[in-house]
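The structure under discussion appears below in the form of structure tokens.
Just so we're clear, the structure is a prediction, and the values are computed from it rather than from any experiment. Chain letters run A, B, ... following the sequence lines, proteins first, then strands; residues in each count from 1.
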Amino acid sequence: MLLFIVVPFILAIVFSLTNQRLMSPNAAEYVGLENYTNMLDLGVLVVDPVMDADGAILLDKNGDNQYPRLRKFTRNNPGYPDVKGMKEWFSFSWGEQKVAIMASDLVFMKALVNTFTFVAFVAPIQGALALVLALLINQPLRGIHIFRSIYFMPVVVSIVVVSLLWRFIYDGQNGLLNSALSTLTLGYFEPVNWLGNPDTALGSIMAMSIWQAVGFHMIIWLSGLQTISPTLYEAAKIEGASPWQTFRYVTWPGLRNTAVLVVIVITMQAFSLFAQIDVMTSGGPLDSTQTIVYQAVERGYGKQDISGGSAMSVVLFLIVLSISLLQRYLTREKN
Amino acid sequence: MLRLDADNPRLRMTVRYLVLTLIALMFVTPLVFMMMSSLKPDQQLLADTSSMRAFLPVGDISFDNYKAAFERAPIGLFMLNSLFVTGITVALGLFVCSMAGFSFVFLNWRGKSIAFSIILATLIVPFETIAIPMLLMVSKLPWLGLDGFSWGWLNSYRVQIVPFVADGLTIFLFAQYFKDLPKELIEAARVEGCSWWQVYWRVVMPLSGPILATAAILKFLAMYNQYLWPIMVTQQEQYRPVLVGLQYFFQLNTAWGEVMAYLTIITLPVLVFYLALQRAFIASIASTGVKG
Amino acid sequence: MKITKKLTFGILSAAALGVCASSAYAKTDLSLWYHGAGNGVEAKIINQIVSDFNNSQDDWNVSLESFPQGSYNDSVTAAALANNLPDILDVDGPVMPNWAWAGYLQPLMLDEAMLTDFLPGVKGYWDGQLYSVGLWDAAVAMVTRRSTLDDIGARVPTLEAPWSAQEFNDILAKLKATGKYDYPLDLGMAWKGEWFPYAFSPFLQSFGGDLVDRSTYATAEGKLNGDAAIAFGEWWQGLFSQGYAPGNSQDPADRDTGLLEGKYAMQWNGNWAALNTLNKFGDDTLFLPAPDFGNGSTIGAASWQFGVSAASKHPQGASAFIEFALQDKYLAAFSDGIGVIPAKYSAAALTENYKEGGAMAVFYELSKAQALVRPVTPGYIVEAKVFEKALADIADGADVADTLDSAVDEIDSDIQKNRRYGH
């Protein structure tokens with residue numbers, strides 16, 4: 001049955017080594033690692049500041065050194081074959097010189113960074129919030145199952161639907177979030193264009209993703225909590241343990257297997273971030289929400305470059321594989 | 001869990017409920033917004049988003065959007081398709097994946113650990129990235145049906161069902177759960193002469209209520225919310241599921257009220273399914289008892 | 001692609017089965033795909049054409065399958081990959097060369113003489129052959145109100161004397177200064193996708209740039225990142241940084257109703273949306289040509305068209321259907337129904353809005369006089385996406401020259417990888 005995942009994936013690996021196009025009359029050829037180098041190649045360019053005739057460094061309006069435009073070096077300049085066609089990723093000053101790190105596929109680099117950022121924030125926050133909710137919901141209170149159902153509700157709604165709804169919430173002009181915040185602060189809050197601002201777009205998508213999925217992990221934690229024997233809690237009570245001690249020495253050790261599961265599942269889900277981006281931002285503004293999967297689909301399907309898209313998938317696979325091996329190794333060690 | 005004045009259980013209770021309710025509000029408001037908006041004409045819907053009115057059934061309330069939505073698209077057909085595909089996949093999937101999980105945990109066979117690693121690795125591959133190779137593959141698969149032998153799986157229910165019956169996550173979930181089952185129980189059953197099939201069906205499955213419910217919900221959601229794949233493989237309206245149907249509502253001058261109505265319609269069955277299973281879920285935990 | 005060959009066997013046997021099954025009726029089945037699902041008016045007209053055609057002769061029986069427009073191209077791409085295309089399908093004009101080049105379409109079997117009085121934009125040529133033909137074209141105009149221009153003392157431009165760049169920028173500044181509007185100009189940034197290259201590349205062309213060098217179709221260098229293109233980019237960025245136009249996060253609802261509600265003073269919009277404006281403002285409505293930024297005023301051409309798939313075993317039948325659909329009455333029906341521009345003059349005369357003196361006749365003139373098709377190359381689909389992203393990034397404040405350079409590199413490398421797309 002796994003034929004349906006393994007075989008296509010092997011096909012994807014094969015594609016990634018060719019120049020296969022989605023639709024084309026040209027036969028595909030083996031091109032080796034070309035797709036990978038096109039995607040991952042980095043270069044370094046060191047440039048001297050612009051000087052006037054006397055050798056004094058020209059300053060720009062802010063009083064910083066002025067540097068020549070990098071496109072002088074990267075375009076039609078046989079003197080710099082290493083950085084041909086590359087784009088500036090980021091740069092820093094090194095004495096008087098400016099050191100620019102150049103990337104041949106800048107958008108992919110940004111997608112890589114965004115994806116890691118997303119995982120780095122979402123995995124711990126979502127896992128922890130889910131645990132807090134699970135602890136809250138694990139109390140013997142009347143009507144607690146109503147709350148449990150409510151907390152789980154966003155999970156059952158399609159992520160496409162959720163993304164559409166949250167577009168209304170994040171709207172920059174008369175969005176629900178802006179009007180709520182402005183009401184709460186008695187009008188002092190300046191409306192923010194949540195999805196249209198490169199500084200807030202990724203964060204907004206994180207918040208929404210956590211909101212949507214936290215209920216699911218809450219349930220996983222909860223099923224873990226319920227496997228812990230009540231006698232242990234009674235024993236803890238008799239010993240006079242504080243709630244924190246109870247949690248630390250009774251609850252948490254009992255949740256070890258669950259924790260592994262939760263962390264793995266969240267990490268996987270976070271790495272495959274796609275639908276939210278597709279519905280809400282298409283990777284913008286200014287690539288602040290590009291992700292690997294979005295790029296892979298955009299490249300492979302939208303731009304018909306299936307070999308390039310497949311190469312991205314393979315890279316993503318290797319990344320996640322090494323991370324999950326690391327996770328397994330780390331969780332093993334403690335045993 | 002919260003440490004509050006223990007002498008005042010009433011206050012403590014109130015605070016607890018208050019916290020729970022506030023959190024609950026955060027989770028339901030967007031959905032309330034969706035349902036309320038589906039009752040309003042477009043202009044009011046958009047104007048209301050700048051105030052609390054967005055969450056209230058006020059102004060010009062009617063079911064006109066629902067009527068218009070049903071006229072625009074064959075919603076009943078889409079729902080049936082989705083429920084059919086999802087139902088079959090969930091049922092088959094639970095069976096197949098639990099067996100696979102069972103064999104990984106209790107049986108010994110060659111290459112087991114390699115196979116399990118491969119299954120874990122498949123968790124890592126996002127579906128979007130293998131969709132195209134998979135499309136090329138299913139378009140060439142043979143099929144022996146009631147109407148004879150044919151090539152290509154496109155435009156059918158099977159193309160939406162078969163590839164998703166077995167999935168790594170569900171197998172993984174079952175395997176994790178089975179590991180925690182008391183080994184003695186299995187051994188005892190074997191000693192008494194049960195076949196592996198009987199162990200699976202008579203001993204393990206009855207203890208697996210919670211994980212079955214969890215896996216069912218999870219698989220239901222994944223299947224019901226399919227979008228990319230059905231677009232690629234269903235070129236006939238008769239096989240389209242609900243999320244593809246959503247595209248019917250995005251025209252020039254999108255009628256947002258209708259969109260909201262449609263979103264509400266397609267969300268309700270999932271809520272119902274969840275609430276129904278949620279009961280079974282709790283009941284199964286109660287009946288199997290809490291095992292240490 | 002090798003896959004194509006391997007698949008032929010499967011398709012042949014499937015086709016054979018289909019023929020056997022239908023032979024009892026003596027009519028041969030033809031399948032037709034159309035992008036109008038969810039649009040009641042459009043569905044009604046196309047259904048009418050199909051049933052009229054089926055009743056008009058005894059050889060062919062066309063059956064219609066409708067797709068929602070939002071995912072139509074994805075569906076067709078997937079079907080093409082899986083070799084599962086219908087006999088007749090509709091295709092967006094600029095995408096046609098890609099499909100023709102990839103071998104998914106075949107040339108039409110139509111007498112081209114019958115198309116002489118059709119608008120140039122509705123005829124889809126690739127490699128010297130007619131692959132597709134449209135029942136209508138679309139045109140874009142600067143939509144505003146006479147009273148709005150009178151307010152600031154601006155001249156009403158004509159086809160012969162469109163606004164110059166300077167004039168246009170002054171008008172934007174004056175409109176902004178009135179303080180009456182949220183923004184003077186609504187470009188339609190809320191409409192992602194094909195709208196960007198369709199609606200905005202004519203500005204670039206008017207500046208003297210282009211998506212690709214049309215003399216060779218081998219590179220975009222110098223065209224999309226030359227001085228003219230950079231001047232265009234700076235102007236484009238200015239529209240947003242000066243607050244003249246709402247940017248990428250424009251609310252789709254505002255795009256639909258902003259002009260009508262007075263939030264915007266002018267709107268760059270297609271003829272398909274013109275009816276609403278006319279209903280609201282009546283005689284006060286103006287549909288104006290694009291400003292001339294130095295190389296003439298121009299707009300994009302080519303809308304949805306019909307073509308015949310290469311897989312079709314019955315191209316005569318498919319072409320017969322297309323020929324049948326090209327009758328004036330259907331052209332007029334579509335025009336009246338969804339506001340599009342009828343493909344030929346004799347049909348325009350039958351319509352309510354495009355007949356001489358009709359409220360939207362100006363669009364017909366625009367289409368005839370200044371429409372320029374988007375680059376006719378299989379690479380267009382990539383060029384369009386790259387251009388869309390570049391425009392969005394520049395609007396968000398990205399460096400103009402760097403952004404255009406990136407766009408050029410991506411387009412060029414795509415052309416290389418595809419061995420120049422057969423040019």
Side-chain angles (χ1 to χ4, degrees), chain A residues 11 18-29 31 34-35 38 69-72 74-76 84-88 103-107 167-168 170-175 193-198 201 280-288 290 297-299 301-308, chain C residues 1-4 73-74 76-78 80-81 98-104 182 189 192-193 221 225 246-254 263 378-379 381-386 388-389 392-399 401-406 408-410 412-414 416-419 421-422:
Chain A
L11 262 178
T18 67
N19 61 358
Q20 176 83 43
R21 315 288 301 175
L22 197 54
M23 298 166 66
S24 164
N26 300 332
E29 288 167 354
V31 296
E34 195 182 295
N35 289 309
N38 284 345
R69 288 198 67 116
L70 298 183
R71 72 194 292 248
K72 274 189 184 170
T74 56
R75 305 195 74 73
N76 305 318
K84 183 168 177 284
M86 287 191 176
K87 303 287 152 356
E88 178 178 345
S104 71
D105 189 344
L106 183 54
V107 177
R167 280 207 332 219
F168 282 92
Y170 283 144
D171 190 291
Q173 284 133 42
N174 45 8
N193 187 356
W194 298 101
L195 293 172
N197 184 334
M280 298 178 88
T281 63
S282 307
L286 295 180
D287 297 327
S288 58
Q290 294 283 3
V297 173
E298 174 75 6
R299 178 71 63 89
Y301 207 66
K303 292 180 181 159
Q304 304 192 347
D305 181 4
I306 185 170
S307 52
Chain C
M1 268 164 66
K2 277 205 181 121
I3 292 139
T4 324
N73 280 351
D74 290 342
V76 174
T77 309
L81 282 175
N98 186 276
W99 294 0
W101 166 77
Y104 295 126
D182 290 2
M189 301 294 279
K192 307 297 179 213
E221 181 82 39
N225 62 351
N248 290 314
S249 34
Q250 182 189 27
D251 207 314
D254 283 344
K263 283 184 181 174
I381 51 154
V382 174
E383 284 149 28
K385 282 194 167 281
V386 171
E388 179 191 353
K389 176 165 160 30
D393 285 352
I394 292 174
D396 277 330
D399 183 273
D402 287 348
T403 308
L404 294 176
D405 279 349
S406 299
V408 167
D409 287 343
E410 202 174 341
D412 282 6
S413 97
D414 177 67
Q416 288 307 317
K417 279 190 201 164
N418 284 286
R419 292 178 225 158
Y421 283 116

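Interface remark: C:K192 contributes no atoms to any contact with chain A (heavy atom separation under 4.5 Å). Neither the backbone nor the side chain of A:E88 comes within contact range of chain C, judged by heavy atoms closer than 4.5 Å. Within the 4.5 angstrom heavy-atom criterion, only side-chain atoms of C:D254, from C-beta onward, approach chain A. At a 4.5 Å heavy-atom cutoff, C:A384 makes no contact with chain A through either its backbone or its side chain. Residue C:N248 does not touch chain A at all, counting heavy-atom pairs closer than 4.5 Å. Both the backbone and the side chain of A:K303 come within contact range of chain C, each with at least one heavy atom under 4.5 Å from a heavy atom of that chain. Residue contact with chain A, scored on non-hydrogen atoms closer than 4.5 Å, involves the backbone and the side chain of C:A398 alike. Proximity to chain C is absent for every atom of A:L195, based on heavy atoms less than 4.5 angstrom apart.
A:N26 places a side-chain N or O within 3.5 Å of a backbone atom of C:N418 that can act as its donor or acceptor partner. Proximity of a side-chain donor or acceptor of A:Y301 to a complementary backbone N or O of C:T77 within less than 3.5 Å is not detected.
No option in C:D405, C:D409, C:D402 other than C:D409 meets the side-chain hydrogen bond (donor to acceptor under 3.5 Å, both in side chains) test with A:K87.
For C:R419 and A:E29, the salt-bridge test passes: some basic side-chain N is under 4.0 Å from an acidic carboxylate O.
For chain A, the option among C:A102, C:A253, C:G247 with the highest count of heavy-atom pairs below 4.5 Å is C:A102. Most heavy-atom pairs under 4.5 Å with chain A, from the set C:D74, C:I381, C:D182, C:V408: that is C:D74. For the set C:S413, C:G103, C:S406, C:A392, the count of heavy-atom pairs under 4.5 angstrom toward chain A peaks at C:S406.
Note that CG of A:D287 and CG of C:D393 are 5.0 Å apart. Values are rounded to the nearest 0.5 Å. Put simply, CD on C:E410 and CG on A:D105 are 7.5 Å apart, with the number rounded to the nearest 0.5 Å.
Taking each heavy atom of C:D396 and A:P285 in turn, the nearest pair found is OD2-CB, 3.2 Å. In terms of heavy-atom proximity, A:R167 sits nearest to C:P252 at NH2-CG, 4.3 Å. Between C:N225 and A:R71, the closest heavy-atom pair is O-NH2, 3.6 Å. Looking at every heavy atom in both residues, A:G196 comes nearest to C:S249 through CA-OG, 3.9 Å.
Residues satisfying the salt bridge (Lys or Arg N to Asp or Glu O under 4.0 Å) criterion with C:D414, sequence neighbours excluded, are A:R21.
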**Message:** Checking A:S24 against C:W101 for the side-chain contact (heavy atoms from CB on, under 4.5 Å) test, could you report, in this order, the C-alpha distance in whole Å, the side-chain angles of both residues, the deciding distance, and whether it holds?
**Reply:** CA-CA 7 Å; A:S24 164; C:W101 166 77; 3.6 Å; yes

**Message:** Walk me through whether A:R69 and C:D399 qualify under side-chain contact (heavy atoms from CB on, under 4.5 Å).
**Reply:** CA-CA 11 Å; A:R69 288 198 67 116; C:D399 183 273; 2.6 Å; yes

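Using a 4.5 Å heavy-atom cutoff, the side chains of C:K417 and A:V31 are not in contact.
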